[in-house]
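Notes to accompany the following structure.
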Amino acid sequence: RPIYFANTVSPNAFLGLEDYFRLEGLAYRILPVKYPESNDRFDVFPGRLDVDKMYTNLVETFRFRNLNKEGVYNDENILRMVSNYHNTFTRLANAYIRKNKQVEANIRTLQDTNNTVTPEMQAEIARMQSEAEIAKSRAIEVLEHAEQSFPYKVISPEPYLVARNGTLWQELGMIEKARESYEWAKERSLGTLGYYQAVDKPFGRKNQYIFPLQMVQQFYMQTGKQDE
């Protein structure tokens with residue numbers, strides 16, 4: 001039987017096995033394969049992803065009930081769990097975006113290194129273009145499913161997670177969706193930092209609220225909205 005660790009388990013309990021983790025939804029499966037360290041600065045978490053199995057589990061199988069209803073009381077345990085959900089969906093969407101970009105790069109390489117376009121090459125390019133489009137559409141579907149299942153405006157995660165979604169929407173070319181995420185992250189970060197400044201109390205997680213503001217600032221500069 002396969003051995004799994006829930007992805008809510010503290011890293012201190014991983015027993016040094018995280019290089020052998022494969023995320024299949026909300027649990028890591030241990031496999032006799034050592035995965036290389038991720039070079040994605042937004043995905044520094046343990047384990048590699050089985051994107052197809054994650055998609056099946058997160059989008060088609062699991063049900064996230066009553067997390068999109070206003071007025072329902074959610075204690076701190078639920079809030080932490082939902083932040084975990086946000087992070088997991090974000091990792092999956094990010095993986096599909098990386099796949100889309102890699103396939104598109106492979107198409108350009110194929111076109112640049114072949115002067116003569118044969119019917120076989122045309123067929124291969126068409127297949128790759130379809131693969132890239134599927135990856136992009138799934139990234140969008142994953143992000144939208146998360147927003148519908150546990151909207152950040154109902155159960156508020158850390159602003160960094162929402163700003164990270166803004167980055168993904170931006171990479172997908174959906175600028176207004178990106179702006180919506182960034183604006184929420186900005187207001188949440190400024191509100192929290194402003195509160196601690198007003199009551200003159202130290203805030204140990206200050207940097208976790210400054211970083212999303214830096215992401216928002218970068219977005220404004222990239223879209224010609226420096227004044228905002």
Side-chain angles (χ1 to χ4, degrees), residues 5-19 21 23 26-28 37-49 58 64 66-95 143 146-147 149-171 177-222 225-226 228:
F5 279 82
N7 68 344
T8 53
V9 171
S10 169
N12 295 329
F14 286 158
L15 306 176
L17 296 171
E18 47 266 60
D19 289 343
F21 283 176
L23 187 60
L26 298 175
Y28 293 113
E37 185 176 350
S38 172
N39 59 4
D40 186 342
R41 69 189 181 99
F42 288 114
D43 190 0
V44 296
F45 305 97
R48 297 304 93 215
L49 278 59
L58 295 177
F64 304 91
N66 294 324
L67 298 176
N68 57 357
K69 295 181 180 180
E70 296 185 15
V72 175
Y73 173 72
N74 296 290
D75 64 16
E76 60 183 14
N77 296 308
I78 297 298
L79 296 180
R80 284 197 297 267
M81 183 68 72
V82 172
S83 290
N84 178 272
Y85 292 163
H86 276 286
N87 182 60
T88 303
F89 273 80
T90 296
R91 291 187 70 184
L92 178 57
N94 179 62
L143 290 173
E147 287 190 2
S149 299
F150 34 88
Y152 58 82
K153 295 179 181 179
V154 176
I155 301 180
S156 301
E158 294 293 333
Y160 161 75
L161 292 173
V162 181
R164 176 65 179 118
N165 278 5
T167 302
L168 297 182
W169 285 121
Q170 189 178 356
E171 290 191 60
K177 292 288 293 184
R179 186 184 305 279
E180 181 180 328
S181 297
Y182 282 126
E183 285 289 342
W184 186 92
K186 181 183 75 172
E187 295 302 322
R188 175 72 187 279
S189 295
L190 290 176
T192 301
L193 293 172
Y195 166 78
Y196 280 95
Q197 183 178 23
V199 298
D200 194 24
K201 289 185 177 180
F203 184 34
R205 296 189 297 127
K206 181 178 180 180
N207 289 338
Q208 296 180 31
Y209 286 76
I210 292 177
F211 184 48
L213 293 175
Q214 294 171 337
M215 296 171 69
V216 174
Q217 182 184 43
Q218 184 178 25
F219 169 73
Y220 286 151
M221 293 179 66
Q222 291 172 343
K225 303 290 184 179
Q226 292 90 334
E228 296 187 32

- Check the surroundings of atom CZ in Phe203: do more than 12 heavy atoms from other residues, nucleotides or ligands lie under 6.0 Å from it? yes

- Message: Quick check: do Val82 and Asn74 have side-chain heavy atoms less than 4.5 Å from each other?
- Response: no

- Query: CZ of Phe5 to CZ of Phe21: how many Å apart, nearest 0.5 Å?
  - Reply: 5.0 Å

- Decide yes or no for Asn84 and Arg80: does some side-chain heavy atom of the first lie under 4.5 Å from some side-chain heavy atom of the second? no

- Note on the structure: Rounding to 0.5 Å, atoms OH (Tyr85) and CG (Asn87) come to a distance of 13.0 Å

- Gap separating the CG atom of Asn94 from the CD atom of Glu171, nearest 0.5 angstrom: 7.0 Å

- Message: Apply side chain to side chain contact (heavy atoms under 4.5 Å, CB included) to residues Arg188 and Thr192 and explain how you reach the verdict.
- Response: CA-CA 6 Å; Arg188 175 72 187 279; Thr192 301; 3.9 Å; yes

- Task: Could you please spell out the steps behind the salt bridge (charged side-chain N to carboxylate O under 4.0 Å, His left out) verdict for Lys153 and Glu180?
- Result: CA-CA 11 Å; Lys153 295 179 181 179; Glu180 181 180 328; 3.4 Å; yes

- Please check if atom CD in Gln197 has more than 12 non-hydrogen atoms from other residues, nucleotides or ligands closer than 6.0 Å. no

- Query: Side chains of Gln170 and Met215: closer than 4.5 Å at any heavy-atom pair?
  - Reply: no

- So, Tyr196 versus Tyr209, ring centres under 6.0 angstrom or not? no

- Message: So which atom in Pro157 and which in Trp184 form the shortest heavy-atom distance, rounded to 0.1 Å?
- Response: O-CH2, 3.6 Å

- Query: Can you name the closest pair of heavy atoms from Leu168 and Ala93 and give their distance?
  - Reply: CD1-CB, 4.0 Å

- Message: To check you understand the geometry: which heavy-atom pair defines the closest contact between Pro159 and Pro212, and what is its length?
- Response: C-CG, 4.0 Å

- CG on Asn66 to CG on Asn68, rounded to 0.5 Å: 7.5 Å

- Message: Under the side chain to side chain donor-acceptor pair (under 3.5 Å) test against Glu158, which residue among His86, Arg205, Arg164 passes?
- Response: Arg205

- Task: Could you walk me through whether Thr167 and Gln218 pass side chain to side chain contact (heavy atoms under 4.5 Å, CB included), step by step?
- Result: CA-CA 10 Å; Thr167 302; Gln218 184 178 25; over 6 Å; no

- Query: After noting the C-alpha distance and the side-chain angles of Leu67 and Ile78, does the key distance pass the side chain to side chain contact (heavy atoms under 4.5 Å, CB included) rule?
  - Reply: CA-CA 9 Å; Leu67 298 176; Ile78 297 298; 4.1 Å; yes

- At what distance, to the nearest 0.5 angstrom, does CZ of Arg48 lie from CG of Asp19? 9.0 Å

- Heavy-atom side-chain proximity of Lys186 to Phe219 below 4.5 angstrom: no

- Message: Can you tell me how far apart CE (Met221) and CD (Gln217) are? Round to the nearest 0.5 Å.
- Response: 6.5 Å

- Item | Test side chain to side chain contact (heavy atoms under 4.5 Å, CB included) applied to Trp169 and Arg179, step by step | CA-CA 9 Å; Trp169 285 121; Arg179 186 184 305 279; over 6 Å; no

